[in-house]
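To find a chain, count down the sequence lines: A is the first, B the second, and so on, and within it residues start at 1.
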There are 2 protein chains.
Amino acid sequence: MFNQFRNKFPLTEEKWNEYVGYFNRIEVSAKTTLLEEGEISKKLFIIEKGCIRVWFNNNGKDLTSQFFFENQSVASIESFMKKFPSPVVVETIEPSVLWWIHKENLDIIIEEIKENPELRDRLIDMLFQRTFDYMKHFFSFIKDSPAQRYLSLIQEKPQIVQRVPQHYIASYLGISTVHLSRIKSKLLQNK
Amino acid sequence: MFNQFRNKFPLTEEKWNEYVGYFNRIEVSAKTTLLEEGEISKKLFIIEKGCIRVWFNNNGKDLTSQFFFENQSVASIESFMKKFPSPVVVETIEPSVLWWIHKENLDIIIEEIKENPELRDRLIDMLFQRTFDYMKHFFSFIKDSPAQRYLSLIQEKPQIVQRVPQHYIASYLGISTVHLSRIKSKLLQNK
DNA sequence: TTCATTTGATAACAAATGTTATCGTCTACC
DNA sequence: GGTAGACGATAACATTTGTTATCAAATGAA
């Protein structure tokens with residue numbers, strides 16, 4: 001599981017084993033809640049197999065804000081970093097195999113990483129990259145129609161379209177389930 | 001101008017003066033382009049007086065993605081960090097007094113800051129905060145109607161509503177100028 | 001298997017939003 | 001002071017999108 005990260009992080013064998021030892025493996029069924037709304041996030045998850053969505057309740061409606069797949073890390077990032085009650089729920093979509101690490105242990109790793117200029121820059125790059133991703137997503141809401149956003153999703157994140165139930169995708173695109181269904185049928189007509 | 005930052009950054013007098021010396025003051029009129037589309041961003045601006053918008057051209061339409069006011073720093077962040085051609089234009093809205101620093105000099109400052117654990121954490125906090133802001137903005141597109149987004153804007157960023165021409169605000173909210181005008185007149189009726 | 005639940009398509013109608021055009025006001029500039 | 005352009009309101013109409021309801025297919029649990 002962690003070999004994918006192994007070559008990216010120039011650490012000694014001992015350090016590496018220490019860090020890996022902080023992680024715990026779990027297997028959960030579909031629709032398992034990993035973090036409740038209002039709870040303070042203390043675990044970061046890495047997905048070995050499966051997929052996860054992050055959603056929040058808005059006037060009784062279930063709105064999905066993010067999807068995660070294999071090899072990605074997941075947390076209610078604001079709750080995890082700032083110890084706020086989480087505004088969102090973290091929940092599996094498929095039966096999943098996950099590794100989690102407690103925040104206290106991750107903080108130890110991060111503090112040590114920050115002392116290493118190369119790793120530190122990689123960390124900062126990751127933060128920038130995340131910001132760029134959100135920017136891009138926001139841009140799509142002011143420049144594209146829902147149909148265009150759906151086409152971009154197919155292009156850029158095909159996993160979402162292939163593996164996620166459609167009604168979750170609808171709220172992610174900011175539209176109703178009925179409208180997404182209409183967009184799909186119109187796309188089929190034009191072929 | 002820089003005194004607002006002075007107490008936040010525990011630097012020696014010499015360092016402080018060295019850093020401040022990297023900045024250049026300019027005065028520009030309204031609608032001055034500070035960065036063209038396709039240009040590689042090499043300057044970071046700090047606003048002493050005035051306001052700036054970041055926009056991009058989408059099929060001939062001028063879409064505004066960000067606004068900046070006094071004491072904020074502005075650049076095409078992706079172009080500035082990664083040396084990509086900028087997808088956006090940076091332009092003043094009002095006549096403005098700005099300070100700019102060349103990327104090479106800012107890099108010197110940042111490298112030195114990273115060696116200081118306290119300042120480094122502050123830098124990382126700023127990156128997180130920026131990400132949270134974009135997340136929040138994105139959330140508003142999947143949960144709020146345009147009218148609600150406009151009300152939130154009045155609450156949370158009153159400067160925008162007070163100082164920015166309305167047609168720029170419309171594209172920032174992802175709606176047409178006509179629709180924003182309608183939202184405003186409907187709000188007046190209901191009082 | 002059987003049955004309840006989830007998921008998705010579709011129709012009919014209502015509401016929201018965009019487009020185009022026109023008009024009035026204000027502002028900057030000569 | 002006059003004039004062109006920027007800005008914003010509004011009307012009329014077209015289009016998009018949401019809502020509610022119904023049905024069918026797929027899925028999962030007993």
Side-chain N or O of [X] versus OP1/OP2 of [N]: is the shortest distance under 4.0 Å?
{"X": "A/Lys31", "N": "C/dT7", "value": "yes"}
{"X": "A/Lys184", "N": "C/dA9", "value": "yes"}
{"X": "B/Lys61", "N": "C/dT19", "value": "yes"}
{"X": "A/His167", "N": "C/dG8", "value": "yes"}
{"X": "A/Gln166", "N": "C/dT6", "value": "no"}

Distance, rounded to the nearest Å, where [X] contributes [atom1] and [N] contributes [atom2]:
{"X": "A/Ile169", "N": "C/dT7", "atom1": "CD1", "atom2": "P", "answer": "12 Å"}
{"X": "B/Asp144", "N": "D/dT17", "atom1": "CG", "atom2": "P", "answer": "18 Å"}
{"X": "B/Asp62", "N": "D/dA6", "atom1": "CG", "atom2": "P", "answer": "12 Å"}
{"X": "B/Gln189", "N": "D/dA9", "atom1": "CD", "atom2": "P", "answer": "13 Å"}
{"X": "B/Gln162", "N": "D/dC7", "atom1": "CD", "atom2": "C1'", "answer": "18 Å"}
{"X": "B/Ile175", "N": "D/dA9", "atom1": "CD1", "atom2": "P", "answer": "12 Å"}
{"X": "B/Ile183", "N": "D/dA9", "atom1": "CD1", "atom2": "P", "answer": "12 Å"}
{"X": "B/Phe141", "N": "C/dA16", "atom1": "CZ", "atom2": "C1'", "answer": "16 Å"}

Taking only Lys NZ, Arg NE, NH1 and NH2, and the carboxylate oxygens of Asp or Glu, determine whether B/Lys136 and B/Glu156 approach each other closer than 4.0 Å. yes

Any side-chain donor near an acceptor of the partner, A/Lys143 and A/Gln148, under 3.5 Å: no

For A/Ser41 and A/Ser86, test the side chains for any donor-to-acceptor distance below 3.5 angstrom and give the result as yes or no.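 No.
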
With a non-hydrogen cut-off below 4.0 angstrom, is A/Ser185 in contact with a base, only sugar-phosphate, or nothing?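 Counting heavy atoms under 4.0 Å across all strands, the contact made by A/Ser185 is with sugar-phosphate only.
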
Select one nucleotide: of C/dT7, C/dT10, D/dG18, the one nearest the side-chain heavy atoms of A/His179.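 Nearest nucleotide to the side chain: D/dG18.
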
From C-beta outward on B/Val178, which listed nucleotide comes closest to its side chain: D/dT10, D/dT19, C/dG18? D/dT10

How many angstroms lie between atom CZ of A/Arg182 and atom OG of A/Ser176, to the nearest 0.5 angstrom?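 Reported to 0.5 Å precision, the distance equals 6.0 Å.
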
Would you say NZ of A/Lys82 has more than 12 non-hydrogen atoms from neighbouring residues, nucleotides or ligands within 6.0 angstrom? yes

Here's a test of your reading of the structure: between B/Tyr168 and A/Ala147, which maps to the more 5' nucleotide of DNA chain D?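 Going by which nucleotide is closer to the 5' end, it is B/Tyr168.
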
Taking atom types as they are modelled, would you say the side chain of A/Arg182 forms a donor-acceptor pair with the base of C/dG8 within the 3.5 Å cutoff? no

